[in-house]
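Take a look at the following structure, please.
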Amino acid sequence: MIYKKQYGHPFDTESVVGSFSPMPETIPHLTKEPDGFSYTMDPQDILYGLGENIRGINKRGWLYESKCSDDPNHTESKSSLYGAYNFMIVSGKDTFGFFIDFPGKVTFDCGYTDLDTLRVTIAEENYDLYIIEGESLTDIVRQFRQLVGRSYIPPKWAFGNTQSRWSYMSADEVREVAANYRANHIPLDAVVLDIDYMERYKDFTVDAQRFPHFADFAAEMKAQGIRLVPIIDAGVKIEDGYPVYEEGLQNGYFCTNQDGTPFVAGVWPGRVHFPDMLNPQARAWFGDQYKFLLDQGIEGFWNDMNEPALFYSEETLKKTFAKIEEYSKQNLDISSFFAFTGMVAGLSNNENDYTLFYHNTKQGRVRHDKVHNLFGYNMTRAAGEAFDRLAPDKRILLYSRSACIGMHRYGGIWTGDNQSWWSHILLALHMMPSLNMCGFLYEGPDIGGFGSNTTEDLLLRWYGLGIFSPLLRNHSANGTRRQEPYRFKNKAAFAGILQLRYLLLPYLYSEYMKAALHDGMYCMPLAFAFPQDAFARQVEDEVMIGESLLIAPVYEQNARGRYVYLPEEMLQVRVKCAEGNRIETSVLPAGHHYIPVALTEVVFFVRKGHMLPLAKGGRDIQTVADVDFADLRLFAYAPNGAAYTYYTDDGEIKDYDNPAHFVHITLDAQGAAQSDRAAVKVEAAPAPLG
Ligand code: GLC
């Protein structure tokens, strides 16, 4: 059951598309406060939600803010990252979900001020409150997801391995990356193009010197089974003769200052204007620009800097220079020196700058800070809606950095500028189920870490988690140590671990599709799958991937293994990635176990009575297209048999709900396998994999 109550005159975020009932006279569960709500928590209560955020799966004990922020330091001390995900579930003495549909700042004080009090503060008394009651945690999530609409579904190739780096400076450099992958039998489906493919960082341009004959280059890479995925930034460079700038200016499609002139900010190309993503005409126009790249054979994009990030606003920069003039004449002392450095450091993403510009929306002219969290959402919507017009039947890959609930219908996200830190493997794991709850199923971190220098062991361990996330992308910042897997010593292990991803793809893709089509979770906390298990409720470093699989990645340097909690008897599967993915299995009882995991191994656990439909093949699999999704080995822990609903489609078009895509597969206690579609061949899997 979903109840809604409206307070004041909310801005319509268009996040909600489903149905609900009016709120009863007395709001259930929450207590109304002048500026929001409160809830008194029981010591055992758990708070789930808030999407991509810092800290644990259980959000208790910290203060979080929904305020899309470009912050490359994802430390525990922060309170917001790139997106705004105002959905939470309280689980404990009372269990319910709530969603605050509001485009400005919302604060979730989850026991920070008072250990036992959840306090939600909303910047204005203009919002919609939804309360969701259900039979279980998964039921609450399902209802919420029906309310906000079906999650984005990428093309199947987008479940393949992606290599990225900020600083692939030329087509030849990309060719070299692809060649190294192929030479080392490490599968690869896509190479991401960061800002360096553009001409002077101008959106929808390609540098003709460094990336000549771009359409031919895209075709050449595709012939090797590798898609190019270019970046698009939010800011449009101010440059006479640049058609995107000139058209936007002529049509009044940019965000404006209070006096109506276009607002100027600085990002990669220097001075830019921000397209008014909240203006439907401007949004359609910006979306149409993607055609320039679609026409050259591009099938996937990532949208960046769309909080929107700004290095400076012209206005604040001017004031800063004037003040520096003043300071230059002073004897800088304890207060003036720190005021001076703080002022310069505070130029970027300055909160005051977000109050300086305006949007022309369907609902009138609105100052940006009041609708701040909708910008990245609507940039991605611009692209998603344009793809529906320009290539209606085709699935196009799209993911964004900034997001807000609602955007999950148009694209996925990557989790922004993490670091090559061990703690960020665990953080990536924490984000997965929290994002899934909010509808963001297609997501993944920068594997290996974006900022700072990676190490080989970190990268191997990171892939141990990364091969289970829908977006599997190694990305790093300009100036950091290069981290393509073939650069390291254990090439066979990297090849094995990434081949394992492809062997798992029939299962992972099937679980993704079922989650998307039925408003389920591809990845969930143990507590969602084992709600009666008091210990499972506390587990913060293991998650379920689909219905059959429990993963418990190693996330500490020099660890030779880790403790794993199994809520029930499971099959332990040890994959020796450096030895052609040879596997060893053993049955483990429910409880706590110390599990050794060598650096070149991946260990996962299969639930009793469940199976994994796996692909056949090994070194010959180099792309998703090499995987035969209709010739499966059923890898199961099924002493009494097992049944599985397998989803399979061509992965390119959008006839998602066609019943022919759902295949009923069974395995009996004697190991005889059957599928109810002749087109899908199944057999019980003998070890080894690969
Ligand atoms: C931002 C993105 C990062 C990208 C860089 C350059 O920091 O988050 O992924 O590499 O910009 O475009």
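Just follow the structure's listing: the first ligand is 1, and inside any ligand the first atom is 1.
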Original post:
What is the nearest protein non-hydrogen atom to atom 5 (C) of ligand 1, stated with its residue, atom name and distance?
Top reply: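 Nearest neighbour among protein heavy atoms for atom 5 (C) of ligand 1, to 0.1 Å: Trp166 CE3, 3.7 Å.
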
Original post:
Which of the atoms of ligand 1 are close to His475, meaning less than 4.0 Å from one of its heavy atoms?
Top reply: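 Close to His475: 3 (C), 4 (C), 9 (O), 10 (O).
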
**OP:** Considering heavy atoms of the protein only, find what lies nearest to atom 8 (O) of ligand 1 and give residue, atom and distance to 0.1 Å.
**Re:**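 Ranked first by proximity to atom 8 (O) of ligand 1 is Asp417 OD1, 2.5 Å.
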
Original post:
Where do Cys110 and Tyr64 come nearest, in terms of heavy atoms and distance?
Top reply: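 What the structure gives for the nearest pair is SG-CD1, 3.9 Å.
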
**OP:** Could you tell me which atoms of ligand 1, counted from 1 in the order shown, lie closer than 4.0 angstrom to a heavy atom of Ile195?
**Re:**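 The atoms of ligand 1 under 4.0 Å from a heavy atom of Ile195 are 6 (C), 12 (O).
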
Original post:
Can you list the ligand 1 atoms lying under 4.0 Å from a non-hydrogen atom of Arg401?
Top reply: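 What qualifies from ligand 1 is 1 (C), 2 (C), 7 (O), 8 (O).
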
Original post:
Any donor and acceptor pair, going by atom type alone, linking the side chain of Ser469 with main-chain N or O of Gly466 inside 3.5 Å?
Top reply: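 Pair found, side chain donor or acceptor close to backbone of Gly466.
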
**OP:** Assess whether side-chain contact (heavy atoms from CB on, under 4.5 Å) is satisfied between Phe387 and Glu299, documenting all intermediate values.
**Re:** CA-CA 10 Å; Phe387 300 157; Glu299 298 169 61; over 6 Å; no

Subject >> Contact partition for Ile231 relative to ligand 1, non-hydrogen atoms under 4.0 Å >> reply: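 Just the side chain.
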
Original post:
Nearest to atom 1 (C) of ligand 1, what protein heavy atom do you find, and at what distance?
Top reply: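 Going by distance alone, atom 1 (C) of ligand 1 is nearest to Asp304 OD2, 3.1 Å.
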
Subject >> Test log, rule side chain to side chain donor-acceptor pair (under 3.5 Å), inputs Asn349 and Glu307 >> reply: CA-CA 9 Å; Asn349 307 317; Glu307 293 70 31; over 6 Å; no

Subject >> Structural part of Trp302 in contact with ligand 1, heavy atom criterion under 4.0 angstrom >> reply: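 Near ligand 1, Trp302 shows its side chain, while the N, CA, C and O stay back.
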
Original post:
Ser434 side chain to His430 main-chain N or O, any donor-acceptor pair under 3.5 Å?
Top reply: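 Yes, Ser434 side chain to His430 backbone: donor-acceptor pair under 3.5 Å.
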
**OP:** Quick one: look at Asn478 and ligand 1, take heavy-atom pairs under 4.0 Å, and tell me if it's side chain, backbone, both or neither.
**Re:**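 Neither; nothing of Asn478 gets under 4.0 Å from ligand 1.
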
Original post:
At what distance is the nearest protein heavy atom to atom 6 (C) of ligand 1, and which residue and atom is it?
Top reply: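 Answer, as residue, atom name and distance: Asp194 OD1, 3.2 Å.
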
**OP:** Answer yes or no: is there an ion pair linking Arg283 with Glu385, defined by an N-O contact shorter than 4.0 Å?
**Re:**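 Salt bridge between Arg283 and Glu385, a charged N being under 4.0 Å from a carboxylate O: yes.
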
Subject >> Closest approach of Tyr197 to Phe211 (non-hydrogen atoms, all atoms of both residues) >> reply: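 Heavy-atom minimum between the residues: CA-CE1, 3.5 Å.
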
